[in-house]
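Beneath this line is the structure, given in structure tokens, with notes to follow.
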Amino acid sequence: MSTAVRPAVPLPLVIICGCIIAAIGFGTRGSFGLFTLPATEDLGLSREQWGMAMAVQNLVWGLTQPFAGAIADRYGTARVLAVGGIVYALGLLGMAFSPDALTMTLTAGVVTGVGIAIASFGVVMAAFGRVVPAEKRSFVFGIATAASSAGQFIFAPLGQGFINAFGWQMALVWIAMLLLLIIPLSVALRGRTESAPGQADLPFMEALSRAWGFGSYRLLVIGFFVCGFHLAFINVHMPAYLVACGLSPDVGSWTIAVIGLFNIVGSLMSGWLGSRLPKQLLLAVIYFLRAIAIAAFLLFPVSEVTAYAFAAVMGLLWLSTVPLTAGLVSLFFGPRYMGMLYGIAFLSHQIGSFVGVWLGGYVYDATGAYDLVWYLGIILGLASAAIHIPINERSDAGFMLKPA
């Protein structure tokens, strides 16, 4: 399999710049729930219409991610990230001046979704997989995921502060300007993964077909759907849910921030444990604990204390799936096709995000509450835990070989 290659710049600088990119990109995405109430009230959108725009964003993100990863694998990471930063910023500017539901779906959904995919931490982790030795990848993936969570912790109160000071539209403009920092930072991640002698250089569809024939990879991809469902529903609808329960919008923003803060710990711990314990069993435990956390949250009256306690627990479990999932993909197939094959797993994640965001808005408009979606989150968490148990933590040794 492909081995780590010497980066064009010192490895610590690659990791630092990649982590900052992940923090900016994911932090921005994590702040979108703060715009639910002001944007829908100002534009006269229903909760389902707003949820549809966010759902389309997640779906487009997922559909674009494998191609962004494949292009980065073949042609280099820096150019892909730089273009992604520009498209992402343009999407936010479009959101700020969208007059109706259709335009919001095109800007917040399609354009922003493409930008997130091209400038995502998935592309950053593919670059890390190229330059980091195999035995350290899970831990470094955990660092990148923790950086994403740090971005969420920073951007949630920052975004709310911008909204309070400038209104929701200008807040999006200011955040769009911050996204352009991705362009100079991407220079440190330049380069692409080369095939070693005797390894295949496969076309997109052939590589995907071979990978999909590996049963453990299929289970991993299916299970990742649930992660997206949980994260997107909570991220987009939790602030509005807490307001409906009588809490202030500031509690909603700080709840998202607390999730990001605690996921720094959860992601680092996940990456560290993933290099020492079976990754598939750790994933099963994470999904099981998510189901228990949601059930416990629903059992108690909603207050600031229960909201922050739930956020802390979910934060520990939030993106802790990512270093383990990325680590398994890298272990199965090596780094050469990691951007693409992790992107396929992430597509499943984003289909789950689409369902979670849209269903949250639909159920709220139909019933006046989110209860049915919370209950479904419990069921899916238990199902995903069961799916991960039979995954076999071993490489697909024949995947990278050239045809005879």
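Shown here for L317 and N263, the closest heavy-atom pair between the two residues is C-OD1, 4.4 Å. Pairing each heavy atom of M177 with each of L93, the nearest pair is CE-CD2, 4.4 Å. Across all non-hydrogen atoms, the minimal contact from L180 to A89 is CD2-CB, 3.9 Å. A68 and V80 make their closest contact through O-CG1, 4.1 Å (heavy atoms, listed as atom of the first residue, atom of the second, distance). Among all heavy-atom pairs drawn from F155 and I175, the shortest one is CE2-CG2, 4.2 Å.
Between V123 and Q65 the shortest side-chain heavy-atom distance falls below 4.5 Å. Between T36 and E41, the closest side-chain pair of non-hydrogen atoms is not below 4.5 Å. A heavy-atom distance below 4.5 Å is found between the side chains of M54 and V236. Looking only at side-chain heavy atoms (C-beta outward), V355 and F225 come within less than 4.5 Å of each other.
The aromatic rings of Y287 and H230 sit tilted, their planes meeting at an angle between 30° and 60°.
Considering only residues two or more places apart in sequence or on other chains, F310 meets the side-chain contact (heavy atoms from CB on, under 4.5 Å) condition with I234, M238, A293, I294, F297, M314, W374. A search for side-chain hydrogen bond (donor to acceptor under 3.5 Å, both in side chains) contacts involving T103 returns D100, not counting sequence neighbours.
Heavy atoms from other residues, nucleotides or ligands lying under 6.0 Å from OH of Y362 number 12 at most. Counting non-hydrogen atoms of neighbouring residues, nucleotides and ligands closer than 6.0 angstrom, the CZ atom of F139 reaches no more than 12 such neighbours. Atom CZ of R218 has more than 12 neighbouring heavy atoms from other residues, nucleotides or ligands inside a 6.0 Å radius.
Ring centers of Y364 and H237: at least 6.0 Å apart, outside the cut-off. The six-membered or imidazole ring of F35 lies away from that of W50, with a centre-to-centre distance of 6.0 Å or more.
Interatomic distance, Q280 CD to L283 CG, rounded to the nearest 0.5 Å: 8.0 Å.
Side chain to side chain, Q57 and W61 fail the donor-acceptor criterion of an N or O pair below 3.5 Å. A donor-acceptor pair shorter than 3.5 Å cannot be found between the side chains of S267 and S320.
The stretch residues 249-281 participates, sequence neighbours left out, in no ring pair (Phe, Tyr, Trp, His ring centres under 6.0 Å) pair at all.
Between I21 and the options I183, L81, L179, I16, a side chain to side chain contact (heavy atoms under 4.5 Å, CB included) holds for only L81.
Listed for the K279 side chain is no donor-acceptor partner under 3.5 Å among the backbone atoms of L324.
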